[in-house]
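Taking it in order: structure first as structure tokens, then the write-up.
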Amino acid sequence: MAVRLCDVASLLRSGSWAAEPWTGQVIAAMETQLSNGPACNSTTNGPAAMSNNCSSPVESGSIEDSKTNLIVNYLPQNMTQEELKSLFGSIGEIESCKLVRDKITGQSLGYGFVNYVDPKDAEKAINTLNGLRLQTKTIKVSYARPSSASIRDANLYVSGLPKTMTQKELEQLFSQYGRIITSRILVDQVTGVSRGVGFIRFDRRVEAEEAIKGLNGQKPPGATEPITVKFANNPSQKTSQALLSQLYQSPSRRYPGPLAQQAQRFRYDRWWWLPTALVSFSRFSPVTIDGVTSLAGINLPGHAGTGWCIFVYNLAPDADESILWQMFGPFGAVTNVKVIRDFTTNKCKGFGFVTMTNYDEAAMAIASLNGYRLGDRVLQVSFKTNKTHKA
DNA sequence: TGTCATT
């Protein structure tokens with residue numbers, strides 16, 4: 001069984017964290033988080049959108065590609081495997097789940113795999129969780145390619161790029177040598193100007209080798225200086241080296257290993273992977289909206305056989321299902337979400353429904369999300385009643 | 001020289 005998300009929620013509501021210094025930053029982040037809706041469609045946002053990416057097993061050319069196995073990239077450093085499983089388990093039943101760690105240090109390498117039982121859930125996970133912001137990261141969710149030696153060591157480091165070159169132009173330059181999985185141009189943290197340095201990850205190592213042969217020392221179209229193209233360092237090697245060095249030089253200050261890290265965990269170590277908006281909100285959670293007190297438990301809970309149906313009111317006209325997944329998923333198993341739309345305009349009529357499997361998780365979601373400010377609207381969240389159903 | 005992309 002996955003970590004119960006209500007544990008997270010209860011931590012949030014315990015009040016023990018409210019005075020922590022990160023609270024203000026989280027509040028600032030919250031406005032953009034959920035008011036923008038899901039950060040995750042295939043057409044917008046997130047690293048996935050920038051590349052001719054591996055989102056389709058069909059495109060990769062093998063009919064044997066798994067339609068259930070996902071790779072999740074850009075996970076926050078301190079996210080555990082159980083938390084990964086818990087987050088993705090809110091979409092559907094998981095066959096297996098693995099967070100990849102450095103063999104020596106035990107540190108997360110920032111990515112993992114989630115294998116669903118049902119391919120539909122894998123697809124749903126991509127549609128709803130790709131681009132989700134967790135702490136300072138924007139996670140990327142895509143189909144995992146079949147593991148093989150040919151896809152390893154296919155990442156290139158590129159320097160000497162014209163400062164005006166965009167990521168798209170970089171990809172155009174390299175795409176003649178193969179399928180690009182990811183690309184990035186590093187920018188100055190302050191000015192946002194390109195540092196003339198970037199990365200290109202190809203699908204296969206042979207493609208990367210060909211790109212080095214073809215582009216290293218060459219001038220891109222319109223450029224005055226040649227670029228350098230070589231294989232990138234493996235960041236996990238660096239981590240291990242730094243650790244070993246530290247171990248050798250100062251045993252008393254060495255970095256904690258996996259067991260020590262576990263011991264260091266304490267009561268609110270799981271808040272962070274909730275969407276930041278949810279974290280910030282609970283300390284402000286109002287229970288009065290438009291003069292009407294609305295507390296979880298006042299309404300008779302609507303149990304509908306398949307789960308507990310929750311009524312969500314005051315959604316924006318452009319609200320969609322993914323916002324409901326993002327808000328409720330962290331609290332536990334969500335089996336269904338629905339935004340009610342006007343038949344002719346297709347705009348949200350201001351409300352929707354969420355079905356959750358477990359009562360305690362549903363109750364926690366309601367207690368936490370009722371009164372949540374989404375953009376310029378304050379949501380009302382309660383168990384669905386018969387009266388509501390009539391509307 | 002990365003938001004650590006193949007268990």
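Labels below follow one simple rule: chain letters A, B, ... track the order of the sequence lines, proteins then strands, and each chain is numbered from 1. The analysis underlying the following values was restricted to heavy atoms, covering all of them including side chains, and did not include hydrogens, waters or symmetry mates.
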Between [N] and [X], is there an OP1 or OP2 to side-chain N/O distance shorter than 4.0 Å?
{"X": "Ser147(A)", "N": "dT7(B)", "value": "yes"}
{"X": "Arg101(A)", "N": "dT7(B)", "value": "no"}
{"X": "Lys137(A)", "N": "dC4(B)", "value": "yes"}
{"X": "Arg201(A)", "N": "dG2(B)", "value": "no"}

Which whole-number value in Å describes the distance from [X] [atom1] to [N] [atom2]?
{"X": "Asp102(A)", "N": "dT6(B)", "atom1": "CG", "atom2": "C1'", "value": "15 Å"}
{"X": "Ile227(A)", "N": "dT1(B)", "atom1": "CD1", "atom2": "P", "value": "16 Å"}
{"X": "Phe231(A)", "N": "dC4(B)", "atom1": "CZ", "atom2": "P", "value": "21 Å"}
{"X": "Gln107(A)", "N": "dT3(B)", "atom1": "CD", "atom2": "P", "value": "18 Å"}
{"X": "Gln189(A)", "N": "dT1(B)", "atom1": "CD", "atom2": "P", "value": "12 Å"}
{"X": "Leu99(A)", "N": "dC4(B)", "atom1": "CG", "atom2": "P", "value": "12 Å"}
{"X": "Leu186(A)", "N": "dC4(B)", "atom1": "CG", "atom2": "C1'", "value": "13 Å"}
{"X": "Ile139(A)", "N": "dC4(B)", "atom1": "CD1", "atom2": "P", "value": "14 Å"}

Note to self: Need one value for Tyr111(A): base, sugar-phosphate or nothing, where a base atom within 4.0 Å counts as base even if backbone is also close, heavy atoms only.
What the structure shows: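 The answer is sugar-phosphate, as Tyr111(A) gets under 4.0 Å only of primed atoms, P, OP1 or OP2.
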Note to self: So Arg204(A), base contact, sugar-phosphate only, or nothing? Heavy-atom distance under 4.0 Å.
What the structure shows: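 Result for Arg204(A) = nothing.
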Nearest of [options] to any side-chain atom of [X]?
{"X": "Gln77(A)", "options": "dT7(B), dC4(B), dT1(B)", "value": "dC4(B)"}
{"X": "Leu109(A)", "options": "dT6(B), dC4(B), dT3(B)", "value": "dC4(B)"}
{"X": "Ile71(A)", "options": "dT6(B), dT7(B), dG2(B)", "value": "dT6(B)"}
{"X": "Ile151(A)", "options": "dT3(B), dG2(B), dT6(B)", "value": "dT6(B)"}
{"X": "Lys230(A)", "options": "dT1(B), dT6(B), dT3(B)", "value": "dT1(B)"}
{"X": "Arg145(A)", "options": "dT7(B), dT6(B), dG2(B)", "value": "dT6(B)"}

Check: More 5' along DNA chain B: Val114(A) or Gly110(A), using each one's nearest nucleotide?
Finding: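 The residue mapped nearer the 5' terminus is Gly110(A).
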Notebook entry, point to check: Any donor-acceptor pair under 3.5 Å joining the side chain of Asn73(A) to the base of dT3(B)?
Noted result: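 Answer no: no donor N or O sits under 3.5 Å from an acceptor.
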Margin query: Should the side chain of Arg152(A) and the base of dT6(B) be counted as holding a donor-acceptor pair, with the cut-off at 3.5 Å?
Written below: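 Checked by distance alone, the answer is no.
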Note to self: Using the six-membered base ring of dT1(B), report whether Tyr157(A) stacks on it, requiring centroids under 5.5 Å and planes under 30° apart.
What the structure shows: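 Base of dT1(B): stacked against Tyr157(A).
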Checklist line | Arg152(A): partners by side chain to side chain donor-acceptor pair (under 3.5 Å), with sequence neighbours left out | finding: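 If we apply the side chain to side chain donor-acceptor pair (under 3.5 Å) test to Arg152(A), skipping adjacent residues, there are no hits.
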Note to self: Is the ring pair Phe202(A)/Phe174(A) parallel, tilted or perpendicular, if the boundaries are 30 and 60 degrees?
What the structure shows: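 Judged by the thresholds at 30° and 60°, the geometry between Phe202(A) and Phe174(A) is tilted.
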Next item on the list: Output the distance between atom OG (Ser322(A)) and atom CG (Asn127(A)), rounded to the nearest 0.5 Å.
Entry: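 It is 9.0 Å, given to the nearest 0.5 Å.
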Taking distance alone, no hydrogens or angles, what donor-acceptor pairs closer than 3.5 Å link side-chain atoms of residues 215-228 of chain A to residues at least two apart or in another chain?
unit_1	atom_1	unit_2	atom_2	d
Asn216(A)	OD1	Val229(A)	N	2.9

Note to self: Could you check whether Arg377(A) makes a cation-pi contact with Tyr313(A), meaning its NZ or CZ is under 6.0 Å from the centre of the six-membered ring and within 45° of the ring axis?
What the structure shows: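 Here Arg377(A) fails the 6.0 Å and 45° test against Tyr313(A).
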Note to self: I need the minimum non-hydrogen distance between Leu374(A) and Leu315(A), along with the two atoms involved.
What the structure shows: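 Answer, listing the atom of Leu374(A) first, then Leu315(A): CD2-CD2, 4.2 Å.
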